[in-house]
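What follows is a set of notes on a single structure, which appears directly below.
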Amino acid sequence: MPVNSKAKGARFERTLASKFREYGYTDARRTAQYCGSTGDASDVVGLPGLHIEAKHQEAMRLYEWMAQAKHDAAKGGNLPAVFHKKNNAPILVTMELDDFMTIYKEWEAGRK
């Protein structure tokens with residue numbers, strides 16, 4: 001991976017952690033990564049129950065990224081989610097339908 005791509009990814013991870021803190025998740029931070037290994041390998045921590053894979057790339061490879069997130073999330077029992085963006089675009093979140101519905105049902109129950 002070229003150095004500028006690695007730096008772009010690190011910047012995105014820091015930005016994502018900062019946005020989580022803006023939403024009140026004050027413990028959100030980029031994890032220390034060495035050769036892709038951080039224990040649970042989440043790129044950003046601080047949202048309990050989620051395994052976060054962060055990608056800032058022009059070429060979207062969502063199924064590959066989701067497979068990586070699922071593999072890594074299984075170690076910690078968290079829901080896998082891919083937070084991704086491309087240049088000049090908003091941040092999007094990709095999850096499998098069953099995981100999204102788990103979260104949605106909790107949200108809906110809280111509204112009643």
Side-chain angles (χ1 to χ4, degrees):
M1 175 184 301
V3 174
N4 57 349
S5 292
K6 194 175 249 187
K8 183 167 121 176
R11 274 194 311 275
F12 179 54
E13 291 168 2
R14 286 191 297 272
T15 297
L16 198 53
S18 176
K19 290 198 175 290
F20 293 158
R21 288 191 298 272
E22 289 173 13
Y23 279 96
Y25 294 91
T26 56
D27 292 333
R29 62 177 170 73
R30 177 177 183 250
T31 60
Q33 298 177 11
Y34 177 74
C35 297
S37 177
T38 62
D40 73 351
S42 190
D43 291 334
V44 178
V45 295
L47 270 65
L50 279 185
H51 172 88
I52 298 167
E53 193 65 39
K55 301 291 185 183
H56 184 181
Q57 295 184 17
E58 294 304 299
M60 295 287 138
R61 297 192 315 268
L62 292 174
Y63 286 92
E64 290 177 33
W65 300 341
M66 182 53 69
Q68 178 184 355
K70 284 176 61 176
H71 175 268
D72 294 343
K75 299 172 190 172
N78 293 323
L79 297 177
V82 179
F83 288 72
H84 54 93
K85 75 177 300 302
K86 61 182 185 175
N87 292 337
N88 304 310
I91 297 170
L92 302 177
V93 181
T94 298
M95 300 181 82
E96 288 191 343
L97 178 61
D98 288 345
D99 294 334
F100 171 79
M101 292 308 298
T102 297
I103 292 171
Y104 184 79
K105 284 182 178 185
E106 288 294 321
W107 175 80
E108 185 181 34
R111 293 185 60 190
K112 293 180 180 177

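Atoms NZ and CD, from K19 and E22 in turn, are 5.5 Å apart once rounded to the nearest 0.5 Å. Between the OG1 atom of T102 and the CH2 atom of W107 there is a distance of 15.5 Å, given to the nearest 0.5 Å. Going from atom CD of Q68 over to atom NZ of K55 covers 4.5 Å, rounded to the nearest 0.5 Å. Between R29 atom CZ and E13 atom CD the span is 12.0 Å, to the nearest 0.5 Å. Rounded to the nearest 0.5 Å, atoms CG (L47) and OH (Y23) are 11.0 Å apart.
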Would you tabulate the side-chain donor-acceptor contacts of residues 87-101 under 3.5 Å, counting partners in other chains and residues two or more places apart, or write 'none'?
residue, atom, partner, partner atom, Å
N87, OD1, H56, NE2, 3.0
N87, ND2, E58, OE2, 3.2
T94, OG1, H84, NE2, 2.6
E96, OE2, K70, NZ, 3.1

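Pairing each heavy atom of I52 with each of S42, the nearest pair is N-OG, 3.0 Å. Shortest non-hydrogen contact noted between F83 and F12 is O-CE2, 3.5 Å. Closest heavy-atom contact between R21 and A28: NH1-O, 2.7 Å. The minimum heavy-atom distance between A73 and H51, with the atom names listed, is CB-CB, 3.5 Å. A pairwise comparison of heavy atoms in N78 and L50 identifies CB-C, 3.8 Å as the closest pair.
Looking at residues two or more places apart in sequence or on another chain, you find a side chain to side chain contact (heavy atoms under 4.5 Å, CB included) between E108 and Y104, K112.
A donor-acceptor contact shorter than 3.5 Å is absent between the side chain of S18 and the backbone of R14.
With hydrophobic clusters built from ILVMFWY side chains whose heavy atoms lie under 4.5 angstrom apart, L16 shares a cluster with L79.
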